[in-house]
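Working notes, structure below.
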Amino acid sequence: MHVDDALSRLDRFEIETPAWGYADTGTRFGKFLQPAAARTIEEKIEDAATVHAFTGCCPRMATHVLWDFPEGVAPAQVAELALQEGIRIGSINPNLFQDQIYKYGSAASPNEKAREAADAHVERSIQIARETGSNVLSLWFADGTNYPAQDDLIRRKRAMASALHQWHDAMPEGMTLLVEYKPFEPAFYHSDIADWGMAYTFAQQAGARAKVLVDTGHHLPGANIEHIVAFLLDEGMLGGFHFNDRKYGDDDLTIGSIDPYAVFRIFAQIVLADEVHGIDTRSIAYMIDQSHNLKPKIEAMVQTAVTAQELYLKALLIPAARLLEAQASTDIVGAEEIYREAFYRHVRGPLAEWRRHRGHEASPLEAYRTSGIENERAKIRSDRRAAEGYTGGGSYA
Ligand code: AFD
Ligand code: MN
Ligand code: MN
């Protein structure tokens, strides 16, 4: 479409940032603490609000129940604080993988106590969502096994389906359940929700308000993610995305840092589903799922949000009518050149204008990197930690 129309579409392209992406996290080999990293929900809200202030496109923050709503923290107060800072609480992410009781899984565990604990935790998460006014319950499971013969795969499948159906029906009207898939890690032999087909089936069985969450870092090498996205779109089962990228595993790398053309092709399927097939894509939840061990947290989040905007805008510039003609006449090179022309279009200039027009920084990343906020927060938070005698990492751990 024409660049002016494309830019007006960008007005409703909102990207949710993850609370866990502002805290010190790491890999299973350790974590590198950052003085400016957030530790409390207040500091995470402060950082998410900063990202939104600089980019203008990140009005919501996803939360992780165990890390952001520990016992004693009132969800309604957290929601109120977010509003005061100019953002809102977005998706609610239960934690079904960290507690010792989940050693052999949560909803699919052979251990009834584990399944009961998972049930109680998700019920509490639904209640938290009610109190924060969130309408997305986003579920990722580490459930799986590490060795062949370890457990009964069919029993696990049935237990997972039963739990998801029960939790779906426990949600208030208007709330959506997102079922995320991941081929491996931390389970090394099988994951109970390993691919899009399993997530699709579980979501269908759970109920009409359950959909699939595509984490762009959760595919085996060679997977055609844009094909999965097109299929889910046409089935009305694409709930949303967790933006990150991978070179080898679920590396939580910055989206587009490995293969920006692949991300463009994903966005192209969304744009063409809407323009060519009239599929409603407005309810897709665009969420970032990253927690970088080395990059400064806020800088990395701004970089991801800006990258997603650039690649989505490029996809919006695809002339759908010309593409359809090329496809109809099997002009393969012509069709491909239409894609490539849009992908190689320079969009930073029009984007800068679009941002200026809306009172935002023309280059959010450059503006943030020169703002001095990182050093200010590092000083304030280091002093705060010292005063508390706190030397550990973020509340992610
Ligand atoms: C990890 C998991 C999954 C989940 C995220 C937040 O792989 O992507 O969505 O943590 O819980 O990255
Ligand atoms: Mn994810
Ligand atoms: Mn992941």
Side-chain angles (χ1 to χ4, degrees), residues 15-29 31 44 48 60-69 89-99 102 105-107 118 121-122 125 128-129 134 136-144 176-188 190-196 198-199 202-203 211-221 223 225 228-229 238-255 257-258 263 266 284-293 295 297 300-301 304 308 394-397:
I15 303 166
E16 184 170 296
T17 71
W20 57 93
Y22 298 108
D24 274 326
T25 55
T27 69
R28 60 193 175 119
F29 303 103
K31 61 180 147 180
K44 293 171 190 172
R60 281 182 308 284
M61 183 183 81
T63 55
H64 229 288
V65 172
L66 272 197
W67 307 322
D68 300 324
F69 297 103
I89 298 300
S91 62
I92 302 294
N93 292 258
N95 185 312
L96 297 167
F97 51 86
Q98 203 167 317
D99 194 300
Y102 300 135
S106 61
H121 183 70
V122 171
S125 301
I128 287 172
S134 304
V136 174
L137 184 70
S138 191
L139 287 175
W140 171 70
F141 298 85
D143 286 49
T176 299
L177 174 66
L178 298 184
V179 181
E180 183 176 359
Y181 59 91
K182 181 176 179 180
F184 73 99
E185 192 210 31
F188 292 112
H190 101 285
S191 294
D192 289 298
I193 309 181
D195 65 24
W196 74 269
M198 296 178 196
F202 282 129
K211 305 221 183 277
V212 176
L213 171 60
V214 176
D215 184 309
T216 50
H218 287 188
H219 297 83
L220 295 174
I225 303 175
I228 295 168
V229 166
L238 178 66
F241 293 92
H242 270 176
F243 288 148
N244 59 57
D245 210 340
R246 53 174 280 289
K247 175 73 177 162
Y248 300 101
D250 173 24
D251 303 326
D252 284 353
L253 295 176
T254 303
I255 192 165
S257 58
I258 302 300
V263 181
I266 291 171
I284 295 173
Y286 298 103
M287 304 179 280
I288 296 172
D289 176 10
Q290 71 185 40
S291 187
H292 295 311
N293 207 11
K295 282 184 175 177
K297 310 290 180 179
M301 210 66 79
T304 295
S395 59
Y396 186 102

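All figures in this text were calculated on a predicted structure; none of them were measured in a lab. Both counts, for ligands and for their atoms, begin at 1 and track the order of listing.
Remark: the Ser291 side chain and the Asp252 side chain contain no N/O donor-acceptor pair separated by less than 3.5 Å. Counting only N and O atoms by type, the side chains of Ser138 and Glu180 include no donor and acceptor under 3.5 Å apart. Checked by atom type, the side-chain pair Gln290/Thr254 shows no donor-acceptor distance below 3.5 Å. Asn244 and His242 are not linked by any side-chain donor-acceptor pair at a separation below 3.5 angstrom, with hydrogens and angles left out of the test. Using a 3.5 Å distance cut-off with no hydrogens or angles, the side chains of Thr176 and Lys211 do not pair a donor with an acceptor.
Of all atoms in ligand 1, numbered sequentially from 1 with element shown, those under 4.0 Å from a heavy atom of Asp215 are 8 (O). Which parts of ligand 1 touch Lys182 is read off a 4.0 Å heavy-atom cut-off, strictly below it: atoms 2 (C), 7 (O). Within the listing of ligand 1, atoms 3 (C), 7 (O), 8 (O) sit less than 4.0 angstrom from a heavy atom of His218. If you number the atoms of ligand 1 from 1 as listed, the ones under 4.0 Å from a heavy atom of Asp252 come out as 12 (O). Less than 4.0 angstrom separates some heavy atom of His242 from each of these atoms of ligand 1: 9 (O).
Close N/O approach between Trp20 and ligand 1 is not found [any backbone or side-chain N/O within under 3.5 Å]. At under 3.5 Å, a nitrogen or oxygen of Asp250, whether backbone or side chain, sits near a nitrogen or oxygen of ligand 1. At under 3.5 Å, a nitrogen or oxygen of His64, whether backbone or side chain, sits near a nitrogen or oxygen of ligand 1. The shortest N/O to N/O separation between Asn93 and ligand 1 does not fall below 3.5 Å.
The side-chain contact (heavy atoms from CB on, under 4.5 Å) test with Ser125 is passed by exactly one of Leu139, Asn95, Asn93, Ile92: Ile92. With Phe243 as the partner, the side-chain contact (heavy atoms from CB on, under 4.5 Å) test is satisfied by one option alone out of Ile255, Val214, Asp289, Thr17: Ile255.
Distance check for Asp289 against the Mn ion (ligand 2): an N/O/S atom falls below 2.8 Å. Not a single N/O/S atom of His218, whether from backbone or side chain, sits less than 2.8 Å from the Mn ion (ligand 2).
Looking at Glu180 and the Mn ion (ligand 2) together, the shortest N, O or S contact belongs to OE2. Taking the Mn ion (ligand 3) as reference, the nearest N/O/S atom within Asp250 carries the name OD2.
Between His121 and Ser106, the closest side-chain pair of non-hydrogen atoms is not below 4.5 Å.
Within the 4.0 Å heavy-atom criterion, neither part of Asn95 lies near ligand 1.
Formation of a donor-acceptor pair under 3.5 Å by the Lys182 side chain with backbone atoms of Glu185 is found in this model.
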